[in-house]
Amino acid sequence: RWEEILATAQLGVFARPGYDWSAVAPNLAPPLARAIAQASADSRLHWVKSTSHPASASEIRRLLAAGEAPPDGWLDPRVLAFATKYDLYR
């Protein structure tokens with residue numbers, strides 16, 4: 001029901017530095033591309049430039065799967081405790 005989310009919600013999209021949305025958009029399924037364009041035109045989709053940060057979701061999952069903790073500051077301690085408690089990535 002992603003259509004309902006894009007049609008009704010205010011969304012903030014954080015992109016990594018150097019991310020080029022215009023290079024990705026042509027490869028999306030046409031219904032998704034149209035919905036994103038409409039949400040942007042209606043000022044419900046907000047593109048937020050972010051600063052560089054070394055953390056990546058892939059690296060965090062890899063570390064957790066290996067039984068290692070990500071470096072300090074990459075995850076809120078409560079999130080790390082939850083992921084560890086429930087072996088989310090093992």
Side-chain angles (χ1 to χ4, degrees):
R1 298 179 32 184
W2 60 267
E3 298 95 338
E4 292 177 31
I5 294 171
L6 284 175
T8 59
Q10 294 280 330
L11 299 172
V13 179
F14 289 80
R16 293 182 183 185
Y19 181 82
D20 183 8
W21 168 251
S22 63
V24 174
N27 298 313
L28 295 175
L32 179 57
R34 283 192 299 273
I36 289 172
Q38 187 62 53
S40 294
D42 294 345
S43 297
R44 288 180 283 103
L45 191 61
H46 309 279
W47 298 95
V48 181
K49 292 182 181 178
S50 62
T51 58
S52 182
H53 191 283
S56 76
S58 297
E59 180 64 7
I60 290 169
R61 287 190 301 271
R62 187 194 68 74
L63 290 167
L64 292 173
E68 302 173 31
D72 288 342
W74 281 27
L75 282 179
D76 183 288
R78 294 169 293 185
V79 173
L80 179 57
F82 185 88
T84 303
K85 179 179 178 179
Y86 294 102
D87 289 325
L88 294 184
Y89 297 101
R90 289 191 154 233

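Ile5 and Val48 sit in two unconnected hydrophobic clusters of ILVMFWY residues. Membership requires side-chain heavy atoms under 4.5 Å apart, directly or through other members. Cluster membership check: Trp2 shares its hydrophobic cluster with Leu45, using side-chain heavy-atom separations under 4.5 Å among Ile, Leu, Val, Met, Phe, Trp and Tyr.
Counted within 6.0 Å of CG on Asp87, heavy atoms from surrounding residues, nucleotides or ligands total more than 12; the atom is thus considered enclosed.
Nearest heavy atom pair, residue Leu32 against residue Leu28, reads CD2-CD2, 4.0 Å. Of all non-hydrogen atoms in Ala35 and Leu6, the two that sit nearest each other are CB-CD1, 3.7 Å. The shortest non-hydrogen separation linking His46 to Gln10 is NE2-OE1, 2.6 Å. Pro70 and Leu63 get closest at one heavy-atom pair: CA-CD1, 3.7 Å. What you find for Ala55 and Trp74 is that their closest heavy atoms are CB-CD2, 3.5 Å.
Note that CZ of Arg34 is 11.0 Å distant from CD of Glu3, once rounded to the nearest 0.5 Å. From Asp42, atom CG reaches atom OG1 of Thr8 across 11.5 Å, with rounding to the nearest 0.5 Å. The distance from atom OG1 of Thr84 to atom CG of Leu75, rounded to the nearest 0.5 Å, is 9.0 Å.
Residues satisfying the ring-ring contact (aromatic ring centres under 6.0 Å, His included) criterion with Tyr86, sequence neighbours excluded, are Phe82.
Among residues at least two apart or in separate chains, there is no ring pair (Phe, Tyr, Trp, His ring centres under 6.0 Å) pair with a member in residues 24-43.
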